[in-house]
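In what follows, a structure is listed as C-alpha cells, so that the remarks can point back to it.
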Number of protein chains: 2
Amino acid sequence: MPTIIEVAALAGVSTATVSRVLSRPEQVSEDTRLRVLAVVRESGYVPNVAARSLRTLRAAKILLTVPDISNAFFASVIRGAEEAARDAGYSVVVGDTRHDPYVEDQYADMLSRREVDGLIFLGHRLPTSLAPLMARKGAAAPIVNGCEYSSDLGVPSVHIDNAAASADAIDHLVGLGHRRIGVVTGPEISPISRDRLAGAIDAATRANLRDGLHIRVGDYSAGSAIDHTRDLIAQDVTAIFCFSDEMAMGALSAIGDAGLSCPKDVSVIGFDDLPLARYFQPPLTTIAQPKAMIGRRTVELLVDILHGIDSPSRQVTLDHELIVRGSTAQPVSAR
Amino acid sequence: MPTIIEVAALAGVSTATVSRVLSRPEQVSEDTRLRVLAVVRESGYVPNVAARSLRTLRAAKILLTVPDISNAFFASVIRGAEEAARDAGYSVVVGDTRHDPYVEDQYADMLSRREVDGLIFLGHRLPTSLAPLMARKGAAAPIVNGCEYSSDLGVPSVHIDNAAASADAIDHLVGLGHRRIGVVTGPEISPISRDRLAGAIDAATRANLRDGLHIRVGDYSAGSAIDHTRDLIAQDVTAIFCFSDEMAMGALSAIGDAGLSCPKDVSVIGFDDLPLARYFQPPLTTIAQPKAMIGRRTVELLVDILHGIDSPSRQVTLDHELIVRGSTAQPVSAR
DNA sequence: GAAACGAATGTAAAGGATTACATCGGATAT
DNA sequence: ATATCCGATGTAATCCTTTACATTCGTTTC
C-alpha cells in the first residue's frame, strides 16, 4: 500500500497537490488532476485514515448506541441512520449496550477519545461520563437522543408524541366497546413509557373509564408480559395494551396458554409495528413509529451540530400511526 | 483535552515515560508511575487513538458485517463477538450490508484503509474487493466467516454441521409419523441452505421417503414462506420444515389463515431458535444454533490470525441442538 | 576499585496526511 | 512597460503517540 509521498513522486507533483486532487479537486488544473488520479488508480493508493484524522481532528464517524441490538425495533432505526449518515459523508458505528451503564460509558469514551465525531443514543440514559461534556458545551455538544428523551438534560432528540399515540390506542379499544383494559408498560424509569402511560390514563379518564384501566409494569421484553397477562386475564380485562410489540407477542402467547383466544376473548394492541407484527397470530394491531425516519432525523440533527449550524428544532416530533390488524375486536359483552 | 506532552511536563518526566506508564507499567518505577497516573487522572488525559494507530498500524477494531441487522439471529452472534473481542482488547464495529454487494464493498474498504484490523462477515459472500487481498495473503489475511462458509475461498469459518442438523429435523418429523413433508429452503446461492437441503434429502432418502419431500425455495424472510406454505398445504403435506425461524413464523401465519391449526393439522419446525421462538403460537420446535459461541469463536479465530498464530482449526464446527416445543406432533394419519 | 550490568529514564525519529503560507509565471490593467 | 493579480503548485510545519537507541547511575562481581 503506497503512501501519498510515493504517489506524489510517481505523478511528479508534491504531496500537497495529491492531497488537493483528492479533497479539493477544483483547485487543481485538469491536466494534473487526471495524471494524479491515474497514478492513484494504478497504485491502489488509499489515504490512511489514522493520519488524516490525526491531522484534521475529524473521524467522519458517528457512534450509534442501542440498548438492545436484538430488538428488531432498533434495526430499522439503525438503517435510517446509516442512510442519512452516508448522505452526509459519515459512517455509523453501532454499539450494543445491553442496558449496561458500564458498557454505555465505554462507548461514550469513544467520543471523549475523538474516535467518533458524535454520539446518538437510543434509550433514556445519557452515559454518565458525558454529563460534564454536556454541561460544558451545552447545545454544541455532539450528542443526540433518539426514540427516548431526557428533558432535563437538554439533549436534542427525535421521537413521536408518545402520549398521543397511547391515547389513540386506548381510544381505539374504547371505541370497540372495551371497558376493562390492561396496560403493560415499559420500565418506570423510561420517560416515554411514562408518557405513554399518562396518555393512556388521560384517554381513559376522558372516556370516564379511569377505573377500568389495570396497569402493570413490564420491561418491553416478551417474557415480562407473560405473567402480567395471566394476571390481567384473571382481572377479567377484555383488552391488553402493551407498550411494545414484543410484549404483545408474550401476551398472545399467554392468552393461548390460558385456553383463550385473541381477539375473541381478549384483544391485544402493541407498540412499534415490528416487521414481524403482521405475521403474529392474529396479525397485530399496533402503533407504528416512523423508525427509519427517527434514525434519519437524529443523524441530521447531529450533523447540523457538527457543522455548527444552529438547528431551530432541537426536539423533533414525528408522526405515529395506529395500524389496525386482527388482534383487536369488539369484546363479547358488546356484541 | 491535554496531550501526552503536557502530561509529561506536569509530571516532570518525558513523554516516553508517560507512554510507558500507560502501556507497559512494569517498566516504570512505582514512584514515577504513581506520579504520572495522578497527573493523568487529574488532567483527564486520554490518548489520541488516531495518533496511536498511525504509529502502531493497529486500530484495535474488528469489523463485523451482517447481511441483515433486523434479523434477531445475528444479534446474538454480535453479542458473542463483542464479548470475545473485549476479552482480546479489541472493539467491534458492526456493519449492516442489507445483502447489498455495494455496501459490502464499502465496508470491506475499511479493512483496506486499515480502519479496522480484521473483518468478520456473516453471510456467504466474500466482498469482491477483498478477493485480491485474500489471494495475496492467503491464510494470513485477517478475514473470517461466520455461520456460512465459502469453501472455495479458503476463508476460515465457524458454523454448525448444517446437513446433520437438518437431518435431525427430518428424523424428528419422520419419527412422529410424517410422510409428506414440505421444506422451505434459503436462497439457492447460500451454501448452508444447500447443506441443509442435502441433509434433509439424505435423511428422507434413508427413511425411504425421498418422494415425500416437497421442496420450495425461500429467502429466510417470513414473507417468503407465506405463499410456499399455502402451496404446500395444497399438496397435503402434514409438516413443514423451514430453514429459519422467521420463515416458520410466516408458515404459522399462513396455516392459520388457511383455517388450519398447528400442530394438529400441520407441524412446523424452524431453524435458529430465536429468542422469540418460544413465544410463537404454538411455541416453535426448532434447531438451536450456538449463536453467541459462533460469534465468540469467529473473533478468536481472527485474533489468532492477527497475532500470527497459526490456528490448527480453520474450519470450526459447533454443536447444534433440536429443541422440541409445541409446533410438532403426530400427523392425524398416525394417530 | 574497576568492570560489567541492569533498571529507569530521556532523546528524537517516524508514522502519513493536511494546509497555511510562499512562490512562480502568465494574464490583465493602467 | 510596469504594477497587480490570480491560478497552480510547492515547502514545510503540524497533528500526537510510540519506541529504538542512548544515557545515567547505582549495584554487583571479581
Side-chain angles (χ1 to χ4, degrees), chain A residues 1-40 43-61 89 109-117 306, chain B residues 1-40 43-61 89 109-117 306:
Chain A
M1 182 77 64
T3 71
I4 198 171
I5 299 179
E6 300 165 63
V7 172
L10 282 172
V13 297
S14 72
T15 61
T17 301
V18 176
S19 176
R20 280 191 281 253
V21 166
L22 265 23
S23 53
R24 296 184 184 19
E26 74 282 0
Q27 289 189 4
V28 180
S29 74
E30 184 171 358
D31 237 33
T32 320
R33 193 181 342 134
L34 293 178
R35 193 150 35 95
V36 171
L37 283 177
V39 174
V40 166
S43 64
Y45 168 71
V46 186
N48 178 310
V49 278
R52 166 180 292 166
S53 92
L54 171 58
R55 182 59 230 238
T56 60
L57 300 179
R58 277 190 71 226
K61 287 203 188 70
D109 285 347
M110 291 181 67
L111 185 58
S112 315
R113 258 178 279 139
R114 291 266 162 72
E115 275 185 80
V116 296
D117 299 325
L306 289 174
Chain B
M1 181 78 64
T3 71
I4 199 172
I5 299 179
E6 300 165 63
V7 172
L10 282 172
V13 297
S14 72
T15 61
T17 300
V18 176
S19 177
R20 280 190 281 254
V21 166
L22 265 24
S23 53
R24 296 185 187 14
E26 73 283 0
Q27 289 189 4
V28 179
S29 73
E30 185 171 357
D31 237 33
T32 319
R33 191 175 350 128
L34 294 177
R35 191 152 34 96
V36 170
L37 283 178
V39 174
V40 166
S43 64
Y45 168 71
V46 185
N48 177 310
V49 276
R52 166 181 292 167
S53 94
L54 172 59
R55 182 59 229 235
T56 60
L57 300 178
R58 277 190 70 228
K61 288 202 186 75
D109 285 346
M110 291 181 67
L111 185 59
S112 315
R113 259 177 280 139
R114 290 266 163 71
E115 275 185 80
V116 295
D117 299 325
L306 289 174

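Letters A, B, ... are given to chains in the order of the sequence lines, protein chains preceding strands, and every chain is numbered from 1.
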Which angle, rounded to 10°, do you find between the first-five-pair axis and the last-five-pair axis of the helix from dG1(C)-dC30(D) to dT30(C)-dA1(D)?
40°

In whole angstrom, what separates Arg35(A)'s CZ from dT9(D)'s C1'?
11 Å

Counting distance only, does the side-chain N/O of Ser43(B) pair as donor-acceptor with the main-chain N or O of Val39(B) below 3.5 Å?
yes

Check whether Arg35(B) reaches the backbone of Ala11(B) with its side chain - one donor and one acceptor, N or O, closer than 3.5 Å.
yes

May I ask you to test the Glu115(A)-Lys61(B) pair for a side-chain heavy-atom distance under 4.5 Å?
yes

Once you round it to whole Å, what is the distance between C1' of dT17(D) and CG of Leu57(B)?
12 Å

Side chains of Thr32(B) and Ser29(B): donor-acceptor distance under 3.5 Å anywhere?
yes

Length of the CD-C1' vector between Gln27(B) and dA20(D), whole Å:
12 Å

Point-to-point distance, once rounded to the nearest 0.5 Å, from OG of Ser14(A) to CZ of Arg20(A)
6.0 Å

Under 4.0 Å from OP1 or OP2 of dA8(D): is there any side-chain N or O of Thr32(A) that close?
no

Rounded to whole Å, how long is the line connecting atom CZ of Arg33(B) with atom C1' of dT9(C)?
14 Å

Could you state the CZ-P distance from Arg58(B) to dG15(C), rounded to the nearest angstrom?
19 Å

Worked verdict on Leu37(A) versus Leu22(A) for side chain to side chain contact (heavy atoms under 4.5 Å, CB included)
CA-CA 8 Å; Leu37(A) 283 177; Leu22(A) 265 23; 4.2 Å; yes

Would Val18(A) and Val13(A) count as a side chain to side chain contact (heavy atoms under 4.5 Å, CB included) here? Give the steps.
CA-CA 7 Å; Val18(A) 176; Val13(A) 297; 3.8 Å; yes

Let me know, please, whether Asp31(B) or Ala50(B) comes out on the 5' side of the other along DNA chain C by nearest nucleotide.
Asp31(B)

Rounded distance (Å) that lies between atom P of dT17(D) and atom CZ of Arg114(A):
12 Å

Over how many whole Å does the gap from Glu30(A) atom CD to dT9(D) atom C1' extend?
17 Å

If you round to the nearest 0.5 Å, how far is CG of Asp117(B) from CE of Met110(B)?
10.5 Å

Indicate for each nucleotide in nucleotides 17-23 of chain C, in 5' to 3' sequence, whether protein heavy atoms under 4.0 Å reach the base (B), only the sugar-phosphate (S), or nothing (-).
BBB----

Say whether, by atom type as modelled, one donor and one acceptor occur between the side chain of Glu6(B) and the main chain of Thr3(B) under 3.5 angstrom.
yes

